[in-house]
Amino acid sequence: MKLSQLFTKTRKQVPADEEARNAQLLIQAGFIHKEMAGVYAYLPLGKIVLDKIANIVRQEMQAIGGQELQMTTLQPKDIWEKTDRWDDAKVDNWFKTKLANGTELGVGLTHEEPIVDALSDYITSYKDLPLYVFQIQSKFRNELRAKSGLLRGREFIMKDMYSLARNQQEHTEMYETAAKAYSQVFDRLGIGQLTYRTYADGGIFTDKFSDEYQTLSPVGEDTVYVDQERRVAVNEEVYTDANLKKLGLNKKDLVAKKGIEVGNIFPLESKYTDALDVYYTDETGHQQSIIMGCYGIGVSRLMGVLAEHFSDDKGLVWPLAVAPAHVYLARLGDDKEVVKAADHLYQQLQAAQIEVLYDDRDVRPGQKFADADLMGIPYRVVISQKTLQEGKVEFKARSDDQTSLMFAQAVIDKLKTETKEKSL
RNA sequence: CGGGGUGUGGCGCAGUUGGCUAGCGCGCCGCGUUUGGGACGCGGAGGUCGGAGGUUCGAGUCCUCUCACCCCGACCA
């Protein structure tokens, strides 16, 4: 993509109405647009990042057999009444609306009920199970207070997956398989080491723990107690002596940290399937309850977490796997030879499947460097009269201060290798 | 939802105890000079001062109501 054609522009100053670093940076770099508190639009570069994150999540869910579908945002009241989750006294962050004829509708805040209801058309036999289904889609929650940019919104993108198993053992296997997939996702996003599987409250439908995935961060809302050695953590909400004993954890190994909940998986038992009258018939012809699990990942929240974590005083520093482009090609000056060489390299990079943001604008070098840094493109290539005199181009990693002069072909080869590794 | 703060050209801000044509920086448009870390000169365009009502000879400034945004807390099934 040529920067001269991109409609977004970077800003020199941080927006006055954002305190959260992730929102400040993403707005400054032109990745997102604030529509209202807790509601953000994704502009071209931000949309690329968001889609890349979603794709990594998608690939890992598909890898364990997840079948993707997409449920609706508008929700009928009746299925939610069956599980007693329609009443505002029970679930207070619904957005609700009405049809012209007065019929009440809900605006989807999660999708256990509609998923189970839809699956009930198909699931009748033990032969139809087990099953994972998932979707990546906008959710709407009427939070009393939106905050922290992309970390806590009223409209946000979430991946929600549901497992349906025939018995507890099968459920447990599926649950652990999904947990492994989650670790894969966070590893690929570059926050694997920072992200802990965390014991948390299981909610109203189970006496078991749920598992949160908490990414350690100073701006986190949650307090978690981390056992770095065993790579597990305990949310403070269940941090009691009795629970620690149950979990086999020692208080002296645990360190209090702040975390951002990037994912949450929990056992649903048969609460939803039973409530919606969805059962399967076993081998002996008897009706049995379905055991469900639920697996969420905050996709847009992850974008905020990555922006928050992978940044410095100059701006964003995207990991290669989710960057809006692999390389920023800056052409300095409009000298004929420079333009020719830069245009040529732009084409070569594209031909090599390397995503390139070509700064072909007629602006000063300093602005190009500043923008390359602010946007956080992993690599930067500069072509100028100076580099052409050497017959080379300048190469620099965003995360590194060192620049080096390299032959254009060597740069292409290097980027090819790098991007191939990351796109696995 | 309780507490605190803020709303003034696209963005960031100033505007005194009410006073006359509402300013500054960035950005934008035109011309020229510039080109390795956000250049410079000259000339321009752009604002119902969040909204409504009120007090006053006169309101960006005072009063009432209201909307929005930020932060702390509570909440987050």
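To find a chain, count down the sequence lines: A is the first, B the second, and so on, and within it residues start at 1. Excluded from the calculations below are hydrogen atoms, water molecules and symmetry mates; all remaining heavy atoms, backbone and side chain alike, are included.
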Quiz prompt | B:rG41 - base-pair partner by Watson-Crick or wobble geometry, distances under 3.5 Å | solution = B:rC31
Practice problem: Pick the C1' atom in B:rU8 and in B:rG3, then give their distance to the nearest Å. | Solution: 27 Å
Practice problem: Check every strand shown and say whether A:Thr387 touches a base, only sugar-phosphate, or nothing at a heavy-atom separation below 4.0 Å. | Solution: base
Exercise. With the side chain of A:Lys314 defined as its heavy atoms from C-beta on, choose the nearest nucleotide among B:rA74, B:rG36, B:rG37.
Key: B:rG37
Quiz prompt | Pair of N/O donor and acceptor under 3.5 Å linking B:rG38 base with A:Arg361 side chain | solution = no
Quiz item: Counting any heavy atom closer than 4.0 Å, what does A:Lys90 reach on the DNA or RNA strands: base, sugar-phosphate only, or nothing?
Solution: nothing
Practice problem: For B:rG38 versus B:rG44, give the span between their C1' atoms, rounded off to a whole number of Å. | Solution: 23 Å
Exercise. Among B:rA77, B:rC76, B:rG27, find the nucleotide with the atom closest to the side chain of A:Glu143.
Key: B:rC76
Quiz prompt | Proximity to the side chain of A:Gln13 - top-ranked nucleotide from B:rC11, B:rG38, B:rC1 | solution = B:rC11
Quiz item: Taking the nucleotide of RNA chain B with the closest heavy atom to each, which residue, A:Ala16 or A:Glu19, is nearer the 5' end?
Solution: A:Ala16
Quiz item: Please give, in whole Å, the distance from B:rC76 P to A:Phe140 CZ?
Solution: 22 Å
Practice problem: Just name whichever nucleotide pairs with B:rG2, Watson-Crick or G-U, keeping both distances under 3.5 Å, else none. | Solution: B:rC72
Quiz item: Across all strands, who's sitting opposite B:rC62 as a Watson-Crick or G-U wobble pair, both distances under 3.5 Å?
Solution: B:rG54
Quiz item: Please give, in whole Å, the distance from B:rA68 P to A:Lys34 NZ?
Solution: 13 Å
Quiz item: How is A:Ala370 classified with respect to the nucleic acid when contacts are heavy atoms under 4.0 Å: base, sugar-phosphate, or nothing?
Solution: base
Self-check item: Rounded distance in Å - CG (A:Asn142) to C1' (B:rC75)
Solution: 12 Å
Quiz item: Base, sugar-phosphate, or nothing for A:Ile383, non-hydrogen atoms under 4.0 angstrom?
Solution: nothing
Quiz item: Given atom CZ of A:Arg152 and atom P of B:rC72, what is their separation to the nearest angstrom?
Solution: 12 Å
Quiz item: Mind checking whether A:Tyr175 and A:His171 have parallel, tilted or perpendicular rings, split at 30° and 60°?
Solution: tilted
Quiz prompt | Gap in Å between the two P atoms, one belonging to B:rU17 and one to B:rU55, rounded | solution = 24 Å
Practice problem: Would you sort out whether A:Met158 and A:Gln135 count as a side chain to side chain contact (heavy atoms under 4.5 Å, CB included), showing the intermediate values? | Solution: CA-CA 8 Å; A:Met158 183 172 168; A:Gln135 59 171 350; over 6 Å; no
Quiz prompt | Short side-chain donor-acceptor distance under 3.5 Å, A:Glu173 and A:Gln169 | solution = yes
Quiz prompt | From B:rG36, B:rG38, B:rC70, nucleotide with atom closest to A:Ser384 side chain | solution = B:rG36
Exercise. In whole angstrom, give the distance that lies between atom CD of A:Glu35 and atom P of B:rC70.
Key: 13 Å
Quiz prompt | Contact summary for A:Trp80 and A:Glu113, nearest pair of heavy atoms | solution = CZ3-OE1, 3.0 Å
Exercise. For nucleotides B:rG50 and B:rU61, find the distance between their P atoms and express it as a whole number of Å.
Key: 8 Å
Quiz item: Would you say a side-chain N or O of A:Lys147 is under 4.0 Å from OP1 or OP2 of B:rC69?
Solution: no
Quiz prompt | Atom-to-atom span, CH2 of A:Trp86 to P of B:rA77 - whole angstrom | solution = 19 Å
Quiz prompt | Residue matched to B:rG23 through Watson-Crick or wobble contacts both under 3.5 angstrom | solution = B:rC13
Quiz item: Touch check for A:Val14, heavy atoms < 4.0 angstrom, all strands: base, sugar-phosphate only, or nothing?
Solution: sugar-phosphate
Quiz item: With a non-hydrogen cut-off below 4.0 angstrom, is A:Lys9 in contact with a base, only sugar-phosphate, or nothing?
Solution: nothing
Quiz item: Between the side chains of A:Ser404 and A:Gln402, is a donor N or O closer than 3.5 angstrom to an acceptor N or O?
Solution: no
Quiz prompt | Side-chain H-bond candidate by donor/acceptor type, A:Tyr213 with A:Asp211, under 3.5 Å | solution = no
Quiz prompt | Pairwise C1' distance, B:rA52 and B:rC11 [rounded to whole Å] | solution = 28 Å
Practice problem: Please tell me which of the listed nucleotides, B:rC1, B:rG38, B:rC70, lies nearest to the side chain of A:Leu144? | Solution: B:rC1
Quiz item: Is A:Lys34 positioned over the aromatic face of A:Tyr40, cation under 6.0 angstrom from the ring centre and no more than 45 degrees off axis?
Solution: no
Exercise. Using only side-chain N and O atoms of A:Arg364, determine if any of them is under 4.0 Å from OP1 or OP2 of B:rG38.
Key: no
Practice problem: Return the nearest nucleotide to the side chain of A:Arg145; candidates are B:rG38, B:rG73, B:rC11. | Solution: B:rG73
Quiz item: B:rC24 and B:rC69: how far apart are their C1' atoms, nearest whole angstrom?
Solution: 24 Å
Quiz item: Can you find a donor-acceptor pair, distance only, under 3.5 Å between A:Asp17 side chain and B:rG7 base?
Solution: no
Self-check item: Distance-only polar pair, side chains of A:Gln347 and A:Asp343, donor-acceptor under 3.5 Å
Solution: no
Self-check item: Among B:rG36, B:rG38, B:rC72, the nucleotide that comes nearest once only the side chain of A:Thr10 is considered
Solution: B:rG38
Quiz item: Within the structure shown, what part of the strands sits under 4.0 Å from A:Asp335 by heavy-atom distance: base, sugar-phosphate, or nothing?
Solution: nothing
Practice problem: Report the distance from atom CZ of A:Arg85 to atom P of B:rC76, rounded to the nearest whole Å. | Solution: 14 Å
Quiz item: Say you pick atom C1' in B:rG51 and the same atom in B:rU6; how far apart are they, in whole Å?
Solution: 16 Å
Quiz item: With rounding to whole Å, what would you report as the distance between B:rG4 and B:rG58 at their P atoms?
Solution: 34 Å
Practice problem: Send over the distance from A:Asp371 CG to B:rG36 P, rounded to a whole Å. | Solution: 17 Å
Practice problem: Using a 4.0 Å heavy-atom cut-off across all strands, classify A:Arg154 as base, sugar-phosphate, or nothing. | Solution: nothing
Quiz prompt | Parallel, tilted or perpendicular, as decided by the 30° and 60° cut-offs, for the rings of A:Phe140 and A:Phe95 | solution = perpendicular
Quiz item: Within the pair A:Arg141 and B:rA77, is there a side-chain N or O less than 4.0 Å away from OP1 or OP2?
Solution: no
